[in-house]
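Take a look at the structure below.
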Amino acid sequence: MICFLAKFFIKDYKRVEDPVVRQRYGILSGVLGIALNIILVIIKIMAGLLSGSLAIFSDALNNLSDVASSLVTVIGFKLSGAEADEEHPFGHGRLEYVAGLIVSLFIIIMGVELLQSSAKRIFSPEEVLFNGTIGVILVISIVIKLTMFGANLQASKAIDSPTLKSTAIDSLSDVLSTSIVLVSVFVSHFTSFNVDGIGGLIVGLFVVKAGIDSAKDTINPLLGEPPSKAFIKDIEETVLGHEGILGVHDIVVHNYGPSRIMMSLHVEVPDFKNIVEVHDMIDHIEKELRTKYHCTAVIHVDPVNDRDRKTRELKQWLKLCLEDVDPKLKFHDCRIVKDEDGERVAFDLEVPYKYHVKDEELLSLLQDEMKEYAPEYALDITIDKAEKE
């Protein structure tokens with residue numbers, strides 16, 4: 001629905017990579033959520049008054065919290081689109097994640113309140129009425145929430161938004177909770193078992209779980225999470241597509257909010273190339289990355305000497321040595337450095353996070369191996385932490 005409405009309310013709606021277009025998708029989702037949830041609150045309160053069901057009243061309160069959540073979504077997207085300033089040179093994009101976190105907290109708080117109210121109803125049951133009007137109201141609310149789930153999920157995928165994904169998850173939990181309410185009210189009315197409180201308890205558990213899941217999706221980018229492997233691979237393919245680039249490594253991506261990315265990377269180039277030509281090529285690659293990913297890109301150049309026989313032999317030996325120790329260990333930027341202290345072999349060693357061998361032990365092991373293979377060289381190793389393959 002949101003993507004459909006975007007055709008009428010959002011200019012250039014297909015350019016979802018544009019921060020302005022992205023912001024409008026979020027605001028449209030929030031406004032739609034406010035309108036539909038207000039309708040749900042009204043009809044569920046009517047159903048609750050007619051039936052005397054705590055589970056229905058609880059479900060109405062849940063939708064009232066959804067109104068507040070949708071309002072937070074609108075405010076969050078509005079503020080996150082603000083331009084960068086002196087105090088926030090990378091913009092305000094992370095406010096979208098903050099908005100998503102607030103939505104998650106709303107969901108959790110409401111779920112806890114539902115659990116408390118439902119527990120009291122279990123020990124103090126009351127008569128629950130049911131008729132066709134109440135049934136129709138609850139079925140309509142389920143259909144509306146299913147529509148909101150599909151709309152927000154589609155929009156979250158279109159603009160890659162954790163906030164809208166949280167909203168979609170919340171809508172799906174509402175579908176489950178209202179379905180449980182419908183069943184519990186029906187059973188309570190037509191049998192001697194008063195399961196209204198139990199139904200409300202199950203609803204509360206669903207709501208709390210949905211809130212916790214949503215919070216995880218927003219806390220991770222706020223704390224800083226690694227980019228996807230697919231994204232890293234795409235960057236590598238983009239850079240390696242340029243003639244004269246021998247390799248790319250040490251890609252670091254900082255996320256300051258959707259469409260607000262800062263990345264740095266190292267590229268390997270032949271050491272004999274003219275420095276001015278290399279500079280112009282790197283400038284061109286940085287501009288391409290900025291255009292393609294809407295980011296700030298900084299590239300460090302590593303000159304590589306592939307013509308030297310000793311260097312080639314050392315690389316081959318190092319490759320075999322690391323495979324012998326552990327195939328998970330990788331290296332790059334290997335070179336022979338000459339200075340007043342003599343010659344040393346310098347390279348970066350990629351070690352997985354939470355590796356079972358300490359860095360000091362690895363360095364000592366490689367030092368011993370080098371003494372056996374080529375004692376004339378000292379070792380200069382820089383350890384880089386990397387994801388496990």
Side-chain angles (χ1 to χ4, degrees), residues 1-3 5 16 22 25-41 44 58-77 80 94-115 138 141-182 199-223 225 228 255 257-258:
M1 180 187 290
I2 294 171
C3 292
L5 293 175
V16 292
R22 193 177 184 288
Y25 266 90
I27 292 174
L28 179 61
S29 171
V31 171
L32 184 65
I34 291 171
L36 292 178
N37 279 307
I38 287 176
I39 294 172
L40 289 174
V41 170
K44 284 184 182 178
S58 298
D59 215 24
L61 288 175
N62 183 28
N63 291 137
L64 186 60
S65 75
D66 291 340
V67 175
S69 298
S70 296
L71 182 61
V72 170
T73 299
V74 172
I75 295 172
F77 271 96
S80 68
R94 283 184 176 170
L95 282 173
E96 181 184 329
Y97 302 141
V98 175
L101 183 59
I102 293 173
V103 170
S104 302
L105 293 176
F106 268 122
I107 297 170
I108 294 171
I109 291 170
M110 186 54 62
V112 171
E113 291 181 357
L114 292 180
L115 290 173
L138 292 178
S141 68
I142 290 172
V143 172
I144 291 175
K145 277 296 181 178
L146 274 174
T147 304
M148 292 176 66
F149 164 71
N152 283 299
L153 186 63
Q154 185 184 26
S156 72
K157 291 179 179 178
I159 65 173
D160 191 23
S161 169
T163 300
L164 294 190
K165 183 181 177 182
S166 297
T167 305
I169 292 172
D170 184 34
S171 296
L172 183 60
S173 73
D174 288 344
V175 171
L176 295 173
S177 63
T178 305
S179 300
I180 293 169
V181 169
L182 179 60
L201 197 66
I202 296 173
V203 170
L205 290 173
F206 270 119
V207 172
V208 170
K209 184 181 184 305
I212 293 172
D213 290 341
S214 298
K216 289 179 181 177
D217 287 338
T218 53
I219 289 174
N220 286 338
L222 279 172
L223 291 177
E225 59 183 353
S228 68
N255 183 351

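Just so it is clear, the structure is predicted and the values come from calculations on it, not from any experiment. Every heavy atom of this structure was used, including side-chain atoms; hydrogens, water molecules and symmetry mates were not.
- Shown here for F149 and A168, the closest heavy-atom pair between the two residues is CD1-O, 3.1 Å.
- Rounded to the nearest 0.5 Å, atoms OG1 (T167) and CG (L153) are 11.0 Å apart.
- The distance from atom CD1 of I212 to atom CD1 of I219, rounded to the nearest 0.5 Å, is 10.0 Å.
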Can you give the donor-acceptor pairs under 3.5 Å from side chains of residues 25-34 to other protein atoms, not counting sequence neighbours?
{"residue": "Y25", "atom": "OH", "partner": "Y13", "partner atom": "O", "Å": "2.9"}
{"residue": "S29", "atom": "OG", "partner": "N152", "partner atom": "OD1", "Å": "2.5"}

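- Listed here is the closest heavy atom pair of V175 and L146: CG2-N, 3.6 Å.
- In this structure, OG on S70 lies 9.0 Å from CD1 on I38, to the nearest 0.5 angstrom.
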Query - Check against side-chain contact (heavy atoms from CB on, under 4.5 Å), L164 and Q154 - result: CA-CA 9 Å; L164 294 190; Q154 185 184 26; over 6 Å; no

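- Evaluation of the salt bridge (Lys or Arg N to Asp or Glu O under 4.0 Å) rule for K44 yields D59 as partners, not counting sequence neighbours.
- Screening L36, L172, N37 for a side chain to side chain contact (heavy atoms under 4.5 Å, CB included) with K145, the sole residue that qualifies is N37.
- Taking CD1 of I2 as the start and OG1 of T147 as the end, the distance is 11.0 Å to the nearest 0.5 Å.
- A distance of 12.0 Å separates OG in S141 from CD1 in I39, rounded to the nearest 0.5 Å.
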